[in-house]
Amino acid sequence: MDQSPKSLEHLVQALRKLPGVGAKSAQRMAYHLLQHDRDGAVHLAQALQSAVQHVQHCELCYTFTEQTICATCADPQRDQTRLCVVETPSDQAVLERTGAYEGLYFVLQGRLNPLDGVGIAELGLTRLMERAGNGVIEEVIIATSFTAEGQATAHVIAQGLSKRGIKSTRIARGVPAGGELEFVDLGTIAHALADRH
């Protein structure tokens, strides 16, 4: 019979809610924090509490911000004619780190997944169509993942934009930079050949 203190068990269960963290990993993290890094545990708890209290969604693009409008949406230097649609705030952060895109964003907060109850309403596609149809946007770049759900989401978005006469493009997929063909999976090579330019 497990005699772990209840507060330790609650910590382990809380850590298990993180993506990719199973029971053993959560237990290792909890034991490490309590045995070797109590100051780190306190700092982590304070950072989490502060983030929950202060971080909200931008009223325009729905990424994370501490203000009503995020810094990207508020930046007059951004290209106001392009809108890139991503699934999550972390996807937006990745695109920003590339330095290759200078337009605006719309963050869906996920992708279509009817089995989990995520449909058009949950993703805010109506808000996306309103923003894309504001008369300023010339191109909507769809940057959803290439999973089945991401592809379905991209398809629904592209159809909705097309019905409104709004131009949409899809990010390319293919062989990664620096990748050697013999190590790339066949599906990726096939798509790279089909999408060549």
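Nothing here was measured: the structure is a model prediction, and the numbers come from that model. The first residue of the sequence shown is numbered 1, and numbering continues consecutively from there.
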For R111 and Q151, what are the C-alpha separation, side-chain angles and deciding distance, and is it a side-chain hydrogen bond (donor to acceptor under 3.5 Å, both in side chains)?
CA-CA 9 Å; R111 54 186 168 228; Q151 292 281 62; over 6 Å; no
Evaluate T81 against E139 for side-chain hydrogen bond (donor to acceptor under 3.5 Å, both in side chains), listing each step before the verdict.
CA-CA 7 Å; T81 66; E139 177 188 13; over 6 Å; no
Candidate pair C61 and C70, rule side-chain contact (heavy atoms from CB on, under 4.5 Å), full reasoning
CA-CA 8 Å; C61 74; C70 72; 3.7 Å; yes
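Here L125 contributes atom CG and L108 contributes atom CG; the two are 6.0 Å apart, rounded to the nearest 0.5 Å. Rounded to the nearest 0.5 angstrom, R127 CZ and L60 CG are separated by 11.5 Å. Of the inter-residue distances, the one linking E130 atom CD with R164 atom CZ reads 9.0 Å to the nearest 0.5 angstrom. To the nearest 0.5 angstrom, S145 atom OG is 3.5 Å from E87 atom CD. Rounded to the nearest 0.5 Å, atoms CD (Q92) and OG1 (T63) are 3.5 Å apart. From I141, atom CD1 reaches atom CZ of F106 across 15.0 Å, with rounding to the nearest 0.5 Å.
A continuous path of ILVMFWY side-chain contacts below 4.5 Å connects M29 to L34, so both sit in one hydrophobic cluster. In this structure, Y31 is a member of the same hydrophobic cluster as L15, with clusters built from ILVMFWY side-chain heavy atoms closer than 4.5 Å. One hydrophobic cluster, built from ILVMFWY side chains closer than 4.5 Å, holds both M129 and L104. Both V156 and Y62 are members of a single hydrophobic cluster when ILVMFWY side chains are connected at heavy-atom separations under 4.5 Å. Using a 4.5 Å cut-off between side-chain heavy atoms of Ile, Leu, Val, Met, Phe, Trp and Tyr, with links allowed through other members, L8 and V42 fall into different hydrophobic clusters.
The existence of a salt bridge linking R82 and D79 is confirmed by a sub-4.0 Å separation between a basic side-chain nitrogen and an acidic carboxylate oxygen. Salt-bridge formation is detected for the pair R78/E96: a Lys NZ or Arg NE/NH1/NH2 atom is positioned less than 4.0 Å from an Asp or Glu carboxylate oxygen.
In the displayed structure, E102 atom CD is contacted under 6.0 Å by at most 12 heavy atoms of other residues, nucleotides or ligands. For Q159, the CD atom is densely surrounded, since the number of other residues' heavy atoms within 6.0 Å is greater than 12. Within 6.0 Å of the NE2 atom in H43, the count of heavy atoms belonging to other residues, nucleotides or ligands does not exceed 12.
The minimum heavy-atom distance between I142 and A154, with the atom names listed, is CG2-CB, 3.6 Å. Taking every heavy atom of both residues into account, V21 and A26 meet most closely at CG1-N, 3.6 Å. Heavy atoms only, all atoms of each residue included: R131 and I137 are closest at O-CG1, 3.7 Å. What you find for Q56 and Q67 is that their closest heavy atoms are NE2-O, 2.9 Å. I171 approaches T144 most closely through the heavy-atom pair CD1-O, 4.2 Å. What you find for G103 and T72 is that their closest heavy atoms are O-CG2, 4.2 Å.
Side-chain N or O atoms of H54 include one that pairs as donor or acceptor with a backbone N or O of S50 at under 3.5 Å. When atom types are taken as modelled, the side chain of T65 and the backbone of C58 share no donor-acceptor pair closer than 3.5 angstrom.
Between T88 and D91 there is a side-chain heavy-atom pair separated by less than 4.5 Å. Using a 4.5 Å cut-off on side-chain heavy atoms (C-beta onward), Q109 and P89 make contact.
In this pair, Y105 and Y101 present their aromatic rings perpendicular. The plane angle is above 60°, beyond the 30 to 60° band.
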